[in-house]
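Worksheet for the structure shown next.
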Protein chains: 2
Amino acid sequence: MVSRVESAAATRRALLDAAAGLLDSGGPGAVTLRAVGARAGVTRGAPYRHFPDKDSLLTTVAAEALDRLADQVQAVRADPRLSPADKLHRGLSALMTVGRRRPHLYRLMFTYPAGDPAAIHAAKRAGDRAMGEFLAIVGGVVGAEHTRRFAPLLLTSVHGITDMEVNGHLSADKWHVTAEELVTTLVAMIDRQAHSG
Amino acid sequence: MVSRVESAAATRRALLDAAAGLLDSGGPGAVTLRAVGARAGVTRGAPYRHFPDKDSLLTTVAAEALDRLADQVQAVRADPRLSPADKLHRGLSALMTVGRRRPHLYRLMFTYPAGDPAAIHAAKRAGDRAMGEFLAIVGGVVGAEHTRRFAPLLLTSVHGITDMEVNGHLSADKWHVTAEELVTTLVAMIDRQAHSG
DNA sequence: ATTCTCAGATGACTTTGTCACCTGAGTGAC
DNA sequence: GTCACTCAGGTGACAAAGTCATCTGAGAAT
């Protein structure tokens, strides 16, 4: 027997999964509320029982993705078997992997959130949490006194590298560099900078 | 007396300007072909005489913006009164200024281009040209042997900084840094790296 | 002068976001 | 246990917007 609230929660979950799935397979254009509903086993109007509008649904998808990223980074940070340098490498890899494996979702995660205030707040909160986890990892590498400058620099830079790669502005055969190479160079530079002058 | 081709060219121009204007003032959601047509003084169907579809129109807007950016950077690069370091600073400022003054256009410029092959090609071409101009400027600062690595790194990083700022992920009161500070740090680091080891 | 070409207008169709309203199954009060 | 209630979900409807077929009229070629 399923209670009413259980069924409702399951539908909500199915809607979010359907939206993310459609986004992955067909890009933003494929995400219509009708298609989302169909994929979740309900009809066009049903999503409005769970989200005030389409933007809020999408922003919630982004918020969940940011939260999962934050979880991953948190797990990396808390893993006692990893050295600070390894943690940094894995954390950054987690970010880039989202961009490569789920480019449309990645785009959504870093777009200015829209929709109702609750969804927007959730997205900002999740984004800040992910950022905070990264900050802590970077702090373990460069030392607290350098974190304020280098952590955001590293994050924004790696985001830029990922974003441009995802959007085809980093054609390897034209600029003769890979994203990995850029990140490696960047990390080495920051490391050196923080541990010398 | 206006010839037919003059009138057609003027309409095409008006359509592109109208699209860019609507994008600036109301975001992507405000750019409808009907609104574009109205703002350009024609009706809904007229844009299809100049662009095969909406995506192609938008991609052309992006291509023109990238071309204008390339022009600016080229002008900076060719200015004999500027030192290499000044050129770099002004070039990067040009990029960030687009992001701040015209955030929606900035987003469009760095999104994977859609539409007909001609428009896509124009956008990629313009993007590559802008990238090439930046590359030349960076080469003047760090020396040819370091350009391949540092130029794309600098560009992607500054793009990432700008993108995250534009999308509200760099709230100064939370992370206690400004975009300027990040760029300054980055440039100083690259400069130092290229001129020492 | 006649015919042709093409920019632009118009009507129509389709997709999609959104809302008002309806319905039926769990749920709490008695 | 009965009854009214709440709310998830279904359905009809509407408006906005992309797109196309078709029409028209003014400049261009002959």
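Predicted model only: the values in this text are computed from it and were never measured. Labels below follow one simple rule: chain letters A, B, ... track the order of the sequence lines, proteins then strands, and each chain is numbered from 1.
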_Under 3.5 Å, is there a donor on one side chain and an acceptor on the other for A:R107 and B:T111?_
yes
*For residues B:Y112 and A:H104, is any side-chain donor paired with an opposing acceptor at under 3.5 Å?*
no
*Do B:R44 side-chain and C:dG11 base share a donor-acceptor contact under 3.5 Å?*
yes
*Is the shortest distance from a Lys or Arg side-chain nitrogen in B:K87 or B:D79 to a carboxylate oxygen in the other one below 4.0 Å?*
no
*Please name all residues satisfying side-chain hydrogen bond (donor to acceptor under 3.5 Å, both in side chains) with A:R90, sequence neighbours left out, ordered by chain then number.*
none
*Atom CG of A:L33 and atom OG1 of A:T43: how far apart are they, to the nearest 0.5 Å?*
11.5 Å
*asked:* At a heavy-atom distance below 4.0 Å, what parts of residues 47-64 of chain A sit against DNA chain D?
replied: A:R49, A:H50
*Between B:R129 and B:F134, does a side-chain contact (heavy atoms from CB on, under 4.5 Å) hold up when you go through it step by step?*
CA-CA 9 Å; B:R129 184 164 88 85; B:F134 273 112; over 6 Å; no
*Considering only NZ, NE, NH1 and NH2 on the basic side and carboxylate oxygens on the acidic side, decide whether A:D17 and A:R13 come within less than 4.0 Å.*
yes
_Looking at A:T43, I'd like to know whether one of its side-chain N or O atoms comes within less than 4.0 Å of OP1 or OP2 on D:dT11._
no
*Would you say A:L15 and A:Y48 are hydrophobically clustered, going by side-chain heavy atoms of ILVMFWY under 4.5 Å?*
yes
_DNA chain D contacts made by residues 29-38 of chain B, counting heavy atoms under 4.0 Å_ = B:V31, B:T32, B:L33, B:R34
